[in-house]
Amino acid sequence: MKNRILTLGAGALALGASLFGSTEAGACTRVVYKGSDSLCVVARSLDWKTPIPTNLYVYPRGMRKMSSNVEGAFEWVSKYGAVYAVGYDGGVTEGMNEAGLVVNGLFCKGTVYDNEETSKRPPMSMSMSMFVAWLLDMNATVEDVEATLNEHAFSLSGATFDNGTVSALHWGVTDATGKSIIFEFDHGKINIYDMGDYQAMTNDPTWPEMRAIIDYWQKKGGQNTLPGTVSSPDRCVRANYFAHHVERVSDADMGVSIARSVIMPSCVPYTYLIEGEPNVSSTQWRSYAVPRDKRYYFEIVTNPGYYYIDMSTLDLRKGAPVMKLDTGKETRLVGNANHALHRTEGFTPMY
């Protein structure tokens with residue numbers, strides 16, 4: 001796998017835009033709540049102008065998968081079982097694996113995947129619909145992901161379509177230790193940032209500029225004044241402030257409740273929309289990954305409750321079946337939802 005160069009086809013870019021964002025809509029917030037006794041909760045909101053059908057899939061380890069369906073695609077065999085959030089039953093938006101690695105993609109309109117040099121390299125094709133799955137399948141820690149990113153020369157084609165729509169993303173990664181990074185593409189270069197004591201990310205600007213905005217508001221002090229709009233920087237500042245000023249607990253359910261209350265003020269009210277503003281769309285669903293306890297919570301904002309998949313009690317051995325929770329049918333679940341998982345053939349990637 002050394003020195004493979006991975007590209008996205010136009011169809012995959014269309015999926016990526018519909019899953020994560022486009023010039024028309026797409027905003028998200030990601031918060032890492034740090035509790036006690038090794039508890040951390042990665043809370044994430046998915047914002048979009050219309051409802052996005054998103055189902056949960058559990059894949060065992062030892063499965064052979066393909067990066068794309070075009071010439072230059074490659075295959076891998078998964079090292080880790082994982083739970084994926086799959087949009088439109090066609091592409092993985094985020095997830096957590098059995099090692100406790102969490103990967104989430106968020107819209108960032110400043111992203112430029114390619115440059116003149118990287119665009120001319122021989123391609124090994126990777127579809128956006130499988131990119132997050134590949135990272136979760138093959139890596140256990142943040143250090144593993146960093147090594148993967150540094151080893152491979154990614155060339156993520158950013159071709160436009162649909163009157164100029166471009167799939168522009170950056171990613172947050174957290175592992176079972178609570179260590180977190182953000183990685184962004186800048187004209188063919190992959191920039192990897194250690195989040196350190198920062199606990200929130202949203203959309204644009206890119207992370208160095210966003211970090212400067214957070215630092216500015218930290219100096220002002222959030223007890224008396226915080227930015228209150230639904231813009232990307234304002235949402236990030238609020239989430240980061242509250243994540244630093246809540247109680248540190250060790251219980252997973254309480255930790256999720258706290259993380260949920262932290263991310264709520266940075267979500268966008270349902271049905272609220274500003275036309276032409278790509279970083280403001282109403283929140284459709286939220287997820288809460290608990291790496292220590294191997295729990296993945298899911299909450300659709302129009303449902304009366306939220307629930308979780310307990311990966312620690314699932315059969316993730318090689319040869320075990322793929323399982324699916326159909327969120328469109330299971331609308332009233334609360335608590336442990338393992339009983340709502342059903343054997344399936346798996347989703348068909350929208351390459």
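Values in this document were obtained by computation on a predicted structure and should not be read as measured data. Counting from 1, the numbers follow the sequence of the chain as shown.
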- Item | Test item: V268 and S281 side chains (from C-beta on) under 4.5 Å apart, heavy atoms | no
- Counting only N and O atoms by type, is there a donor-acceptor contact under 3.5 Å from the side chain of R238 to the main-chain atoms of P265? yes
- Evaluate the criterion side-chain hydrogen bond (donor to acceptor under 3.5 Å, both in side chains) for residue pair S266 and T29; output intermediate values, then yes/no. CA-CA 7 Å; S266 292; T29 302; 5.2 Å; no
- Task: Begin from the C-alpha positions of T313 and K294 and carry the test side-chain contact (heavy atoms from CB on, under 4.5 Å) through to its verdict.
- Result: CA-CA 9 Å; T313 62; K294 308 301 185 291; over 6 Å; no
- Linked, directly or transitively: Y80 and M96 (ILVMFWY side chains, under 4.5 Å): no
- Query: Is the shortest heavy-atom distance from the side chain of P205 to the side chain of I213 under 4.5 Å?
  - Reply: yes
- Message: Rounded to the nearest 0.5 Å, what separates atom CZ in R332 from atom CG in N303?
- Response: 8.5 Å
- Query: For the atom pair OG (S287) and CD (E94), what is the distance rounded to the nearest 0.5 Å?
  - Reply: 3.5 Å
- Message: If we check ring pair (Phe, Tyr, Trp, His ring centres under 6.0 Å) with F298, which of these qualifies: Y308, Y306, W285?
- Response: W285
- Item | Student check: side-chain heavy atoms of T225 and W217 closer than 4.5 Å | yes
- Query: In terms of side-chain geometry, is the basic nitrogen of R295 or D293 positioned less than 4.0 Å from the acidic oxygen of its partner?
  - Reply: no
- Message: side-chain contact (heavy atoms from CB on, under 4.5 Å) for W207 and M195? Distances and angles first, verdict last.
- Response: CA-CA 9 Å; W207 183 243; M195 288 194 70; 4.2 Å; yes
- Message: If hydrophobic clusters are built by linking Ile, Leu, Val, Met, Phe, Trp and Tyr wherever their side-chain heavy atoms come under 4.5 Å apart, do V246 and I263 end up in the same one?
- Response: yes
- Qualifying residue for side chain to side chain contact (heavy atoms under 4.5 Å, CB included) with L149, from I192, N139, D144, N191: I192
- Message: Under a 3.5 Å distance rule, please check whether D194 uses its side chain to pair with a backbone N or O of I181 as donor and acceptor.
- Response: no
- Task: Evaluate side-chain contact (heavy atoms from CB on, under 4.5 Å) for E98 paired with S312, printing each intermediate quantity in order.
- Result: CA-CA 8 Å; E98 61 181 309; S312 68; over 6 Å; no
- Query: Do Y57 and F347 have ring centres separated by under 6.0 Å?
  - Reply: yes
- Message: If we ignore hydrogens and angles and just use 3.5 Å, is the side chain of D175 paired with the main-chain N or O of V142 as donor and acceptor?
- Response: yes
- How many angstroms lie between atom CE of M128 and atom OG of S68, to the nearest 0.5 angstrom? 12.0 Å
- Report yes or no: does T111 contribute a side-chain atom to a donor-acceptor pair with the main-chain N or O of F185 at less than 3.5 Å? no
- CD1-CE distance between I214 and M201, expressed to the nearest 0.5 angstrom: 10.0 Å
- Query: Can you tell me how far CG of L341 sits from CG of L325, rounded to the nearest 0.5 angstrom?
  - Reply: 5.5 Å
- Message: For P291 versus V102, what's the shortest heavy-atom pair and its separation?
- Response: CG-CG2, 3.9 Å
- Message: Show the nearest heavy-atom pair for residues A85 and Y296, with the distance to one decimal.
- Response: CB-OH, 3.6 Å
- Quick one: are L106 and W171 in side-chain contact, heavy atoms under 4.5 Å? no
- May I ask you to decide if Y198's main-chain N or O and H244's side chain share a donor-acceptor pair within less than 3.5 Å? no
- For residues T174 and R30, is any side-chain donor paired with an opposing acceptor at under 3.5 Å? yes
- Out of curiosity, does M350 fall in the hydrophobic cluster containing W48 (side-chain heavy atoms, cut-off under 4.5 Å, transitive links)? yes
- Query: Considering all heavy atoms of both residues, which atom of C28 and which atom of R235 are nearest to each other, and what is their separation?
  - Reply: O-NH1, 3.1 Å
- Query: Between N97 (side chain) and G100 (backbone), is there a donor-acceptor pair under 3.5 Å?
  - Reply: yes
- May I ask you to check whether over 12 heavy atoms, not counting those of K34, lie within 6.0 Å of atom NZ? yes
- N55 side chain to T327 side chain, donor-acceptor N/O pair below 3.5 angstrom: yes
- With the threshold set at 4.0 Å, does a side-chain nitrogen-carboxylate oxygen contact exist between K324 and D89? yes
- Item | T206 OG1 to R211 CZ distance, which is reported to the nearest 0.5 Å | 9.5 Å
- Got N338 and M323 here, is their nearest side-chain heavy-atom distance under 4.5 Å? no
- Are Y84 and Y59 an aromatic pair by the rule of ring centers under 6.0 Å? yes
- Between T283 and L46, is any pair of side-chain heavy atoms under 4.5 Å apart? no
- Query: Taking 4.0 angstrom as the limit, do D137 and R61 come out as a salt bridge?
  - Reply: no
- Task: Please test R260 against E299 for side-chain contact (heavy atoms from CB on, under 4.5 Å), starting from the C-alpha separation and ending with a verdict.
- Result: CA-CA 10 Å; R260 185 171 181 252; E299 175 186 21; 2.5 Å; yes
- Task: Compare every heavy atom of T93 with every heavy atom of G87, then report the nearest pair and how far apart it is.
- Result: N-CG2, 4.1 Å
- Note on the structure: In short, A243 meets V31 closest at the heavy-atom pair CB-CG1, 3.9 Å
- Message: Assess the residue pair D234 and T229 against the criterion (side-chain hydrogen bond (donor to acceptor under 3.5 Å, both in side chains)); give the C-alpha distance rounded to whole Å, side-chain angles, the decisive distance to 0.1 Å, and a yes or no.
- Response: CA-CA 6 Å; D234 285 11; T229 76; 2.6 Å; yes
- Query: Can I300 be reached from Y270 by stepping across I, L, V, M, F, W or Y side chains whose heavy atoms are under 4.5 Å apart?
  - Reply: no
- Message: I'd like to know if the side chain of T54 and the backbone of I52 have a donor-acceptor N/O pair within less than 3.5 Å.
- Response: yes
- Task: Using a 4.5 Å cut-off on heavy atoms from C-beta on, say whether the side chain of L56 contacts that of Y307.
- Result: yes
- Query: With the 4.5 Å side-chain cut-off for hydrophobic clustering, are L135 and L101 part of the same group?
  - Reply: yes
- Query: So, for V322 and G346, which heavy atoms are closest and what is the spacing to 0.1 Å?
  - Reply: CG1-CA, 3.9 Å
- Taking the side chain as every heavy atom from C-beta outward, state whether V173 and F183 have any atom pair closer than 4.5 Å. yes
- Item | Donor-acceptor contact present, side-chain T202 to main-chain S232, <3.5 Å | yes
